[in-house]
Structure formats: structure tokens, C-alpha cells
2 protein chains.
Amino acid sequence: MRALRTCRKGETENWGDSRRHYPRLAVKNPIPSATVSRLPVYLRCLSDLPTTQMTCSSDQLGTIAGVNSAQVRKDLSYIDAHGVRGVGYDIDELRRELRRALGLMKSHAVAIIGAGNLGTALSNYPGFAGWGFEVKAMFDVDPSRVGEEVDGLLVEPLSDLERIVSERSISIGIVATPSHAAQDVADRLVRAGVRSILNFAPAILRRMSGVEVRRVDLSTELQILAYYLQQD
Amino acid sequence: MRALRTCRKGETENWGDSRRHYPRLAVKNPIPSATVSRLPVYLRCLSDLPTTQMTCSSDQLGTIAGVNSAQVRKDLSYIDAHGVRGVGYDIDELRRELRRALGLMKSHAVAIIGAGNLGTALSNYPGFAGWGFEVKAMFDVDPSRVGEEVDGLLVEPLSDLERIVSERSISIGIVATPSHAAQDVADRLVRAGVRSILNFAPAILRRMSGVEVRRVDLSTELQILAYYLQQD
DNA sequence: TAGATTGTTAATCGATTAACAATC
DNA sequence: TAGATTGTTAATCGATTAACAATC
């Protein structure tokens with residue numbers, strides 16, 4: 001791994017013509033995590049552009065996204081987006097390459113665990129559709145909630161989680177349970193094969209190898225804002 | 001600024017005894033932003049500890065928080081938390097210093113804009129209370145929603161935003177509107193004096209100087225997870 | 001004392017950005 | 001061609017971490 005990093009993108013080391021055995025798509029150049037976090041932002045920013053516009057410069061995209069134009073160019077250099085000198089990036093192509101790089105060419109089945117206020121709000125989040133994320137299941141422990149329909153989606157018992165996750169090939173779990181239930185739910189998701197978890201519960205989940213967990217925590221965010229408030 | 005950074009924490013440069021003119025609290029050592037983002041995590045982790053435990057080592061805290069123990073010690077060195085060699089950190093003192101550093105010794109008035117599903121979910125988020133964030137107002141444009149009570153909180157007309165924000169000394173605005181309304185709402189909040197905004201709308205807000213904006217976007221998070229899903 | 005753990009240094013790693021040749 | 005903008009380098013900046021003396 002370290003050794004591979006020492007050679008440029010697309011290159012292989014001095015191993016004869018081994019390059020030929022690794023077609024472009026098979027060599028997964030790992031994209032720096034800071035860049036990965038910005039790619040969705042660029043994708044979103046492209047939607048803000050007037051539909052009449054065919055190309056976009058790194059300067060314009062950077063202004064909208066709030067990042068330096070050199071940053072934009074460097075970020076885009078990690079994916080197969082190629083601009084034209086003096087012109088900029090073709091918007092349709094850029095959008096396509098961003099989607100490809102982020103793995104958005106296929107759709108992803110999502111389960112929401114917790115049918116409370118938050119789970120309900122998440123289930124009809126407008127940003128879901130259009131990016132290929134399909135909410136395929138919603139769970140709750142509360143028997144009085146099970147059987148209800150939320151936004152056209154049946155609330156199913158938590159006890160069926162493993163079976164349903166596997167039957168519906170769910171690859172992303174969104175944890176919207178109370179804090180005390182979060183770790184248990186996460187463990188069960190992982191045991192059922194889920195490798196990506198978005199945790200909205202105000203709890204820190206144990207690190208699980210091979211599992212990508214992202215945390216969204218309102219009170220953490222507010223506390224960070226509180227710090228900057230006192231900084232004048 | 002650059003020049004000041006070149007001297008150690010708490011030191012001033014070779015300007016005679018000028019240090020005496022800057023008592024500890026007045027010299028705001030800016031805490032690195034990566035550290036600021038982790039302080040709330042430590043604070044949360046301390047609550048996970050058994051109440052019988054009086055001290056906590058950087059190793060234990062790091063394990064729970066998912067960060068290296070050297071990281072923990074370095075982070076805590078930026079605030080007035082002092083551990084005892086061979087023992088660890090006094091939990092009560094650490095909690096107090098974390099709260100002090102984050103500006104949580106006073107309470108903060110919060111307004112939620114948008115009384116939809118998300119706004120409602122946010123208003124009764126359990127993590128709010130206990131950290132001194134008080135939801136003092138909730139707004140919506142929809143006349144049919146105005147006048148309703150959400151969780152004991154009156155939904156007020158968006159047109160009263162400026163007046164109410166100023167009357168109730170609101171310092172943090174939470175934007176939970178549809179995407180197309182977000183920038184306008186943010187502009188109005190800023191004009192009314194708000195300097196901290198938490199944006200849940202899937203929109204990128206213009207940079208505003210002196211205003212700290214944090215963005216929480218479900219679809220961005222899902223797209224990042226989608227990237228790591230394809231990385232095997 | 002012996003064991004544990006801090007506080008800090010210095011090395012390393014990763015991210016950002018200014019600058020500019022290449023070139024449309 | 002002249003102007004615009006990319007792609008990339010190299011410098012810089014900021015964050016992480018191993019290591020260890022200090023010391024409870």
C-alpha cells in the first residue's frame with residue numbers, strides 16, 4: 001500500500017509492463033478523504049447552475065462551493081473529470097464523473113431504524129430521491145408503531161431487521177433510535193451485512209473494522225457553534 | 001497574526017514583560033479547528049463513563065472517542081484541563097473545562113426556521129437540553145402552520161423573524177426550510193444579528209464574513225458512504 | 001519504590017494553495 | 001493571436017502520532 005502510493009496516479013512502478021494487466025477501472029486510486037467529502041458538494045453546486053450553462057470553470061465552481069479554485073482542480077484531478085484549458089469543465093460530463101466516482105451509478109437500498117420524529121423526517125427528506133438512495137425498510141421497537149405507514153413506507157418490527165436487511169439487500173443503515181439503542185442496532189446491522197452506517201443518535205459507536213460509520217449529531221454541531229460564538 | 005503564531009502557547013514574543021498585560025483569559029489562544037470539533041465528542045464520552053469513576057486516562061477516553069491517546073492529550077492541552085501523571089484526568093474537572101472552553105457555561109437562545117417534519121424532529125431532540133441550548137422560537141411561512149404548537153413551542157410567522165430574533169436575543173439559527181428558502185432565511189438571520197447558523201437544508205449558503213455556518217446534509221453523507229461502499 | 005500516565009517534542013503525514021507552463 | 005483556464009508542481013500549512021522524560 002505505502003509502496004503503491006509512491007507512484008503517480010495511473011502509473012505502476014518499474015514492474016515491466018504490468019500496467020497492462022490493470023485496466024483503469026480496476027486500479028482503484030484511493031481518493032483522499034478530504035476530497036471525497038467535497039465531491040458531493042460539487043455535485044450539489046452543479047444543480048445550482050443555470051441550465052443554459054454548458055461549461056463551468058474551477059473558479060466558478062469554487063466560488064459556489066466555498067473552496068479555492070486550485071482545490072477544485074486538484075479534487076477533480078483525482079477523478080476522471082477533464083477540463084478544457086481556457087474553457088472549463090463540461091457540466092454534463094463533470095456531473096457524470098462525479099456520480100461515477102461516488103458510486104452513484106447504481107442505486108443503494110437504505111433502511112431507517114427508528115420511526116420517531118427524526119426517522120420520519122429523514123424518510124421524506126427531499127435529497128434522497130434523485131441520487132439513487134431508496135428507503136427499502138423502516139423499523140421500530142414500539143409495537144404500537146409497527147404496522148403504521150410513514151410516507152408510504154411500512155414500519156416493521158425491529159426483530160425482523162436481520163431477515164429484511166438480507167432479503168432486500170440493504171447496504172446502508174440510518175440509525176435514528178434513542179441513544180441507548182444505537183450500539184445494539186448498529187451491531188445487528190453489521191451482523192446482517194451492512195457496511196455503511198449513518199448515525200443520527202447522540203451516541204459514539206464502537207469502531208468496527210470494515211464498517212464506515214458517519215455521525216450526525218445536532219448537539220455536537222451546536223457546541224462547535226457555541227465555541228465560535230464566544231470567539232467574537 | 002502569523003507572527004503571533006510563531007510563539008508557544010501562553011508565551012509572547014520578546015517584547016519585554018508585555019505578558020503581564022494579557023491575563024490568561026484575555027489571551028484567547030485559538031484552538032485548532034480539528035480540536036474544537038472533537039471537544040464535544042469528549043464531553044459526550046464522559047457521560048458514558050460509570051458514575052463511580054472519578055478519573056479517566058487519555059487512553060480510556062481515546063478508546064471511547066475513537067481517537068489516538070496522544071491526540072486526546074494534545075487536544076486537552078489546548079484547554080485548561082490538567083491531568084495528573086500516573087492517574088489521569090479528574091472527570092468532573094475535565095467536564096467543567098470542556099464546557100468552559102466550548103462556551104457552554106452560559107445558555108444560548110436558538111431559533112428553528114421551518115416547522116416541517118425536520119424542524120419538528122429537531123425541536124424535541126433529546127440532546128438539546130442539558131447543554132444550555134434553549135429553543136426560543138420556531139418559524140414557518142405556511143399560514144396554516146403558524147399558531148400551532150410543536151412540543152410546547154408556538155409556531156410563529158416568518159415575517160416576524162427579525163423582531164423576535166432581536167427581542168429574544170437569539171444567537172443561533174437552525175435552518176430547516178426547503179432548499180430554495182435557505183439562503184434568504186440565512187440572510188435575514190444575519191441581518192437580525194445571528195452569527196451562528198446550522199443549516200439542514202440541502203443548499204450551500206454563501207460565505208458571510210463573521211458568520212459561522214455549519215451544514216448538515218443527509219444526501220452528502222449518504223454519497224460519502226456510497227463512495228466507501230464501492231471501495232470494498 | 002514500581003507502575004502508570006501525563007505533557008511535550010519532533011517526526012511524519014496529509015491537505016491546501018500560490019504560481020505558472022501548457023494549451024484551448 | 002490574446003485571453004482564459006487547466007493540470008501540476010512545490011511550498012506551506014495544519015493535523016496526527018510515536019516516543020519519552022517528567023512525575024504522580
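Per chain, numbering begins at 1; letters A, B, ... match sequence-line order.
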Q. Which one, dT16(D), dG7(C), dT8(D), comes nearest to the side chain of Ser77(A)?
A. dT8(D)
Q. Base, sugar-phosphate alone, or nothing: which one does Ala70(B) contact when heavy atoms must sit under 4.0 Å apart?
A. base
Q: Scan every strand shown for a Watson-Crick or G-U wobble partner of dA21(C), both distances under 3.5 Å, and answer none if you come up empty.
A: dT6(D)
Q) Rounded to whole angstrom units, what separation is found between the CZ atom of Arg38(A) and the C1' atom of dG14(C)? A) 12 Å
Q.
Whether Ser33(A) contacts dA15(C) is assessed here as follows: a side-chain N or O lying under 4.0 Å from the phosphate OP1 or OP2. Is that the case?
A. yes
Q: Just compare dA18(D), dT17(C), dA15(C) and give me whichever is closest to any side-chain atom of Lys74(A).
A: dT17(C)
Q. Starting at CG of Leu94(A) and ending at P of dG7(D), how long is that distance when rounded to a whole Å?
A. 10 Å
Q | Distance below 4.0 Å between Tyr89(A) side-chain N/O and dG7(D) OP1 or OP2 | A | yes
Q.
Considering every strand and a 4.0 Å limit on heavy-atom distances, what is the contact class for Ser69(B): base, sugar-phosphate, or nothing?
A. nothing
Q) Which nucleotide in the set dA15(D), dT6(D), dT16(C) lies at the smallest distance from any side-chain heavy atom of Gln71(A)? A) dT16(C)
**Q.** Among dT17(D), dT16(D), dG7(C), the one nearest Asn68(B) by side-chain distance
**A.** dT17(D)
Q: Go through the N and O atoms of the side chain of Arg85(A) and the base of dT5(D), and report whether any donor-acceptor pair is under 3.5 Å.
A: no
Q) Should we say atom CE of Met208(B) is surrounded by more than 12 heavy atoms from elsewhere, each under 6.0 Å from it? A) yes
Q) Is the backbone N or O of Ala226(B) less than 3.5 Å from a side-chain atom of Glu212(A), with the two atoms forming a donor-acceptor pair by type? A) no
Q | Distance in angstrom units between His82(A) NE2 and dA22(C) C1', rounded | A | 16 Å
Q) For Asp90(B) and dT6(C), what is the distance between atoms CG and C1' respectively, to the nearest whole Å? A) 15 Å
Q: Just compare dT8(C), dT8(D), dT16(C) and give me whichever is closest to any side-chain atom of Ala34(A).
A: dT16(C)
Q) Atom NZ of Lys136(A) and atom CD1 of Ile112(A): how far apart are they, to the nearest 0.5 Å? A) 13.5 Å
Q.
Just N and O in the side chain of Thr35(A): are any of them under 4.0 Å from OP1 or OP2 of dG14(C)?
A. no
**Q.** Nucleotide dA15(C), atom P - distance to CD1 of Ile31(A) in whole Å
**A.** 12 Å
Q.
Among Leu118(B), Leu198(B), Asn199(B), exactly one meets side-chain contact (heavy atoms from CB on, under 4.5 Å) together with Val175(B). Which residue is that?
A. Asn199(B)
Q.
Taking only side-chain N and O atoms of Arg73(B), does any of them lie within less than 4.0 angstrom of OP1 or OP2 on dT9(C)?
A. no
Q) Within this structure, what is the OH-to-P distance between Tyr78(A) and dG7(D), rounded to whole angstrom? A) 14 Å
Q. Just checking Ser58(A): base, sugar-phosphate only, or nothing, at a heavy-atom cut-off of under 4.0 Å?
A. sugar-phosphate
Q. Could you state the CG-C1' distance from Leu76(A) to dT16(C), rounded to the nearest angstrom?
A. 15 Å
Q) Can any side-chain N or O of Ser179(A) pair as donor or acceptor with the backbone N or O of Pro202(A) at less than 3.5 Å? A) yes
Q) dA15(C) pairs with which nucleotide, Watson-Crick or G-U wobble, both distances below 3.5 Å? A) dT12(D)
Q.
In this structure, how many angstroms lie between the P atom of dT5(D) and the CG atom of Leu61(A), rounded?
A. 13 Å
Q. Taking everything shown except Met105(A) itself, do over 12 heavy atoms lie less than 6.0 Å from its CE?
A. yes
